Amino acid sequence: MSTAPRSCMLPLNPLQDSSSATSSAQRWKLFHVRAASTLPSSKMTVGSVPESPFGNLVKIDVLGQKRVVGADESLELLKLSEEFCDCRQMHGRLIKLGALGSDSLFANRLVVMYSRNEGLSGDARKVFEGMSDRRIQSYAAMIGSFCRVGNWDDLFWVLGLMIGDGMWPDKYMVPTLLKACSAKEELLCGKMVHGYVVRRKIGCDVYVGNGLIDFYANCGDLRYSKNVFDSLSDRDVVSWTALVSAYMDVGLVDEAVEVFRSMQVDGVRPDLISWNALAAGYAKNGDLDLALECFEEMQEKGLTPNVNSWNGVISACVHNGHFEDALEVFRVMVQAPMDPNVVTVVSVLQACAGLTDLDLGRALHAHSLRHRLDEHAYFNGSLIDMYSKCGRADYALIVFGKVNNRNTAMWNEIVAARVNAGEMEEALELVNMMETDNVKPDVITFNTILAGYARNGQKTEALKLLSKMVEMDVQPNIVSCNVLISGFQQRGLSIEALKLIRAMQSADNDFLPDGLTLQPNSITVTSALAAFADLSLHRKGKEIHGYILKNLSEANMYVLSALVDMYGKCNDMSSATKVFGRAEERSTVLWNVLMAGLIKNKRPDEALESFMKMLAEGHKPSSVTFVILLSACADLAALGIGKELHSLIVKSQHGDSAAAVSSALIDLYAKCGCIVESRKVFDSELDRDIALWNSMISAYTFLGLSDEAIALYKDMEASGPSPDHITLMSLLSACARDGLVDEGWRYFRSMDEYGIQPSVELYTCMVAILGSAGLLEEAHEFIRQMPFEADACMWSTLLQACRLHSNPEIGERAANALFELEPENASNYILLANIYVSSGLWDAAQKVRNLIRGRKLLTVKECSYVNIGATTIHAFKGGNISDFRLDETLDTWDKLAAEMEETGYFPNDPVLDPEQEVDPFSCLHTEKLAICFGIMASSGCQRDPIRVSKNIRMCIDCHTSAKMISRICRREIHVKDVGLYHQFKEGKCSCRDRW
């Protein structure tokens, strides 16, 4: 049979009116056969019509009539087949026809067909890779397909091929590329796309502009996001909504609301998606009432919240850990009434997992079975996650076993369940089982297990798994490195984290496959900065800062917070405040980091001042904020401010971190000498975790109430959780206060009973017990025989005991060890000199004095704070002669000193002259000034104790003076130093002169 020429094609059946045809699917039954003459002629004459290079197709209509179809109509049939035929079936037909190998038209169209089905993206790639002549439609289809499934590395691979073939992205492809850059946080790459947009002059296109706004917002660079928004001449509702979401994502709620209002002023009416973004933003930032009010306001504007509106709020709550809020919104949603869909149920299941609410999770499971929601793969994945986190791994396995078509995502959920349970071997076995189920593990599978190894500190196993990934043709990505770096850092393996950061940028390394290098993103540098902070590597931290300025963006809120945190922990508050000051938009988190840094650097008064500035900017404090502020009040012994914060906490109802806040309150009241208030907070908590018990035991210990601390420990043994190493440290410290050696040994040896690992901190506590009891030789021998290398804290503890018992011989041994470990720490030299003085060894003391002067060692700047009234704190800093009402304060001191001299005691005067060279061995006596100022400023409140806080330990002269002043003035004086809480009353101190 010969192939009919195009001019002789049979017409359609004339009896069939085209207008009466119901559909192309009903009109034609299609199949393709190879015509008898399959190969085209290689010779063509002038004026001849070329034959189809792939052969003509035969088309059979419903009446059984045949006609031959040419190339153009065959391509149209291929387009129609997308709706009605299996792509693979069509692929097979085309292979039989030889159409793919000889012409690119069909191959390009087939790629487009495959790419529209997420389950067939692998087939699309195979066809794509086999093509010799690719068209822009194929590239666009592949890029769109990889974007939909989140396969960003392959997306950029295709983009590179496209550009190599001389084809460039148009304005329709640019938003997809920006989305990929955003997902990978490739700020530099995204900026290159932005530059391309500017050169091609397509930046005015609203879709491109919206993509840029969203890209910069997702990378945390609000400044660029706002600049792009301002540059758009034609802003649509999507542009405004993108900016609202950008501000909400970083916690700038007020700014987001202002943008929302400006949108309406500008004549753009918010649509349902805009309102949903506003409501979800409120929920994300913990303001559930305003989120629900949005729904009411929407209805007033003629818009009805749909299921997506509710899902957005619930999802936002879950994403930020506000699980109880998520369940409350779900309750209101059901009562609205609004029927939940599978997205709702998945989010609520995540909330159940977060709260370990098994009963509600099972109820949702039953609801989903009745409404056939279990047919969705991601529902079953969430169900597995919920059951595993609620401690029912058996239920999770049953759900997993009942799923027929298990995809990679489903397997990843059950792998994650095993990893979260700490069952790493079982997780690896599941990876092997995936292959028997014809499912290939992907990079997410391996990253999940890598994260588990990193959290457990299993470095060797993690590196082996990286090698296995390569063997299974799965290439590690930036997430693989990030989970290892972050996990190692959080586990305390900061050095290993830094090694991996260096290795990932070098082709020659022991971590990654040969030749593979990865550029750090914002998550990487955030973990790196945390590691540098842990190790106090200030110079390395500054180097990373330089890398950020050159390659990433300092404006990213997470990077900003990490930089401020790093500088704060490296004692460089000058740089920390400069970075903070450059932040154009500040969040509560950033303020929290700054205040924590100030407290760490012994500037708690400035932390409280920063809190007032934070409130003035309109930021709402979080539970973390309150914990930080309570710590500042504890450092300052600021009882009045602490009580006001307590009242604010009760009104704020921060139930998400109740235990942490309660622990901070217990610590605050203890350090203000109010143990009764500490106990009230403890007793008010019905659900007491180990941290709460530890806080209360530590509170008793700090105030020298050893009997009460031991009694509470016995209560915990009887009805509370098992003690941990912190419990044991607090208990041993209580024994050290009263020299309870036998009890100390008994508790120290109970480590094995409770499965507590020995640590240098616990051994240090035992040294303190022996030293407090005067058993200095035994303490030194204990250090010599212990299984750890003694650190500076342990030797300092022994040195303090030698000062208490005036033992210069063992004191010298401890001091010499400290001089090697901390050669620049002047306090160790001062302590040794004091031991010599108390032992009458004046020449030896003078040698130490000469040594410290010769080495030009610096001492800690002395500072004392006194609380005046409920909310006023006044600071006295060593050598500062500009203090408020200093003349009156000195007059008060002179009068008190004269009365002390009458009893035969001659106290040293405070050192005030900043021009004179202050003797580093002398106390500047700032607490004396603070006490005098307190007496003078509170003359009308004789019953209230004078509360003073000092940043270093009290000297003997100040301690003796405070005792005498308490008797002369008949006032209680409370002084909190770095070691103890001293309650002076009627000439006596609660420490019994054992400090």
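Keep in mind it's a predicted model, so treat the numbers as computed, not measured. Residue numbers count from 1 along this sequence.
The neighbour count for Tyr207 OH, taken as heavy atoms of other residues, nucleotides or ligands under 6.0 Å away, does not exceed 12. Within 6.0 Å of atom CG in Asp473, 12 or fewer heavy atoms from other residues, nucleotides or ligands are found, so the atom counts as exposed in its surroundings. Within a 6.0 Å sphere centred on CZ of Phe156, heavy atoms belonging to other residues, nucleotides or ligands number more than 12. Dense packing is recorded around CG of Leu428, with more than 12 heavy atoms of other residues, nucleotides or ligands lying under 6.0 Å away. Heavy atoms from other residues, nucleotides or ligands lying under 6.0 Å from CE of Met472 number more than 12. A 6.0 Å sphere centred on OH of Tyr224 holds no more than 12 heavy atoms belonging to other residues, nucleotides or ligands.
Val238 has its side chain out of reach of Val206: every pair of non-hydrogen atoms, C-beta onward, lies at least 4.5 Å apart. With a 4.5 Å cut-off on side-chain heavy atoms, Glu413 and Asn380 do not count as touching. The shortest side-chain heavy-atom distance between Leu178 and Val197 does not fall under the 4.5 Å cut-off. In this structure, Asp442 and Val474 have side chains that are not in contact, with every pair of non-hydrogen atoms separated by 4.5 Å or more. Within the 4.5 Å cutoff, the side chain of Val559 has heavy atoms near those of the Thr526 side chain. In this structure, His545 and Phe532 have side chains that are not in contact, with every pair of non-hydrogen atoms separated by 4.5 Å or more. Considering only heavy atoms from C-beta on, Leu498 comes within 4.5 Å of Ile501 through its side chain. Proximity of Tyr558 to Ile523: side-chain heavy atoms (C-beta onward) are nowhere separated by under 4.5 Å.
Here Lys468 contributes atom NZ and Leu463 contributes atom CG; the two are 15.0 Å apart, rounded to the nearest 0.5 Å. Remark: Met434 CE to Asn412 CG distance equals 5.5 Å, nearest 0.5 Å. Separating the CD1 atom in Ile548 from the CG atom in Leu560 is a distance of 9.0 Å, to the nearest 0.5 Å. Rounding to the nearest 0.5 angstrom, the gap separating the CD atom in Gln475 from the CE atom in Met469 is 8.5 Å.
Lys179 and Asp214 are not joined by a salt bridge, as no carboxylate oxygen comes within less than 4.0 angstrom of a charged side-chain nitrogen.
Aromatic rings of Tyr216 and His194 (six-membered ring for Trp) have centroids within the 6.0 Å cut-off, being under it.
Of all the heavy atoms in Val483 and Asn447, the pair that sits closest is CG2-O, 3.9 Å. Smallest separation of non-hydrogen atoms from Met410 and Gly381: SD-N, 4.0 Å. The shortest non-hydrogen separation linking Leu232 to Asp205 is CD2-O, 4.4 Å. Trp240 approaches Val268 most closely through the heavy-atom pair NE1-CG2, 3.7 Å. In terms of heavy atoms, Thr448 sits closest to Val419 at O-CG1, 3.7 Å. Looking at every heavy atom in both residues, Leu177 comes nearest to Leu155 through CD2-CD2, 4.0 Å.
Residues forming a side-chain hydrogen bond (donor to acceptor under 3.5 Å, both in side chains) with Gln490 (at least two apart in sequence, or on another chain): Ser486.
Side-chain atoms of Ser225 do not come within 3.5 Å of backbone N or O of Leu222 as any donor-acceptor pair. Checked by atom type and distance alone, the side chain of Ser315 never pairs as donor or acceptor with a backbone atom of Gly312 at under 3.5 Å.
With no hydrogens or angles considered, no side-chain donor-acceptor pair links Asn218 and Asp249 at under 3.5 Å.
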Which atom pairs, donor and acceptor, lie under 3.5 Å between side-chain atoms of residues 162-173 and protein residues at least two apart or in another chain?
unit_1	atom_1	unit_2	atom_2	d
Asp165	OD2	Tyr139	OH	2.2
Asp170	OD1	Tyr172	N	3.1
Asp170	OD1	Met173	N	2.9

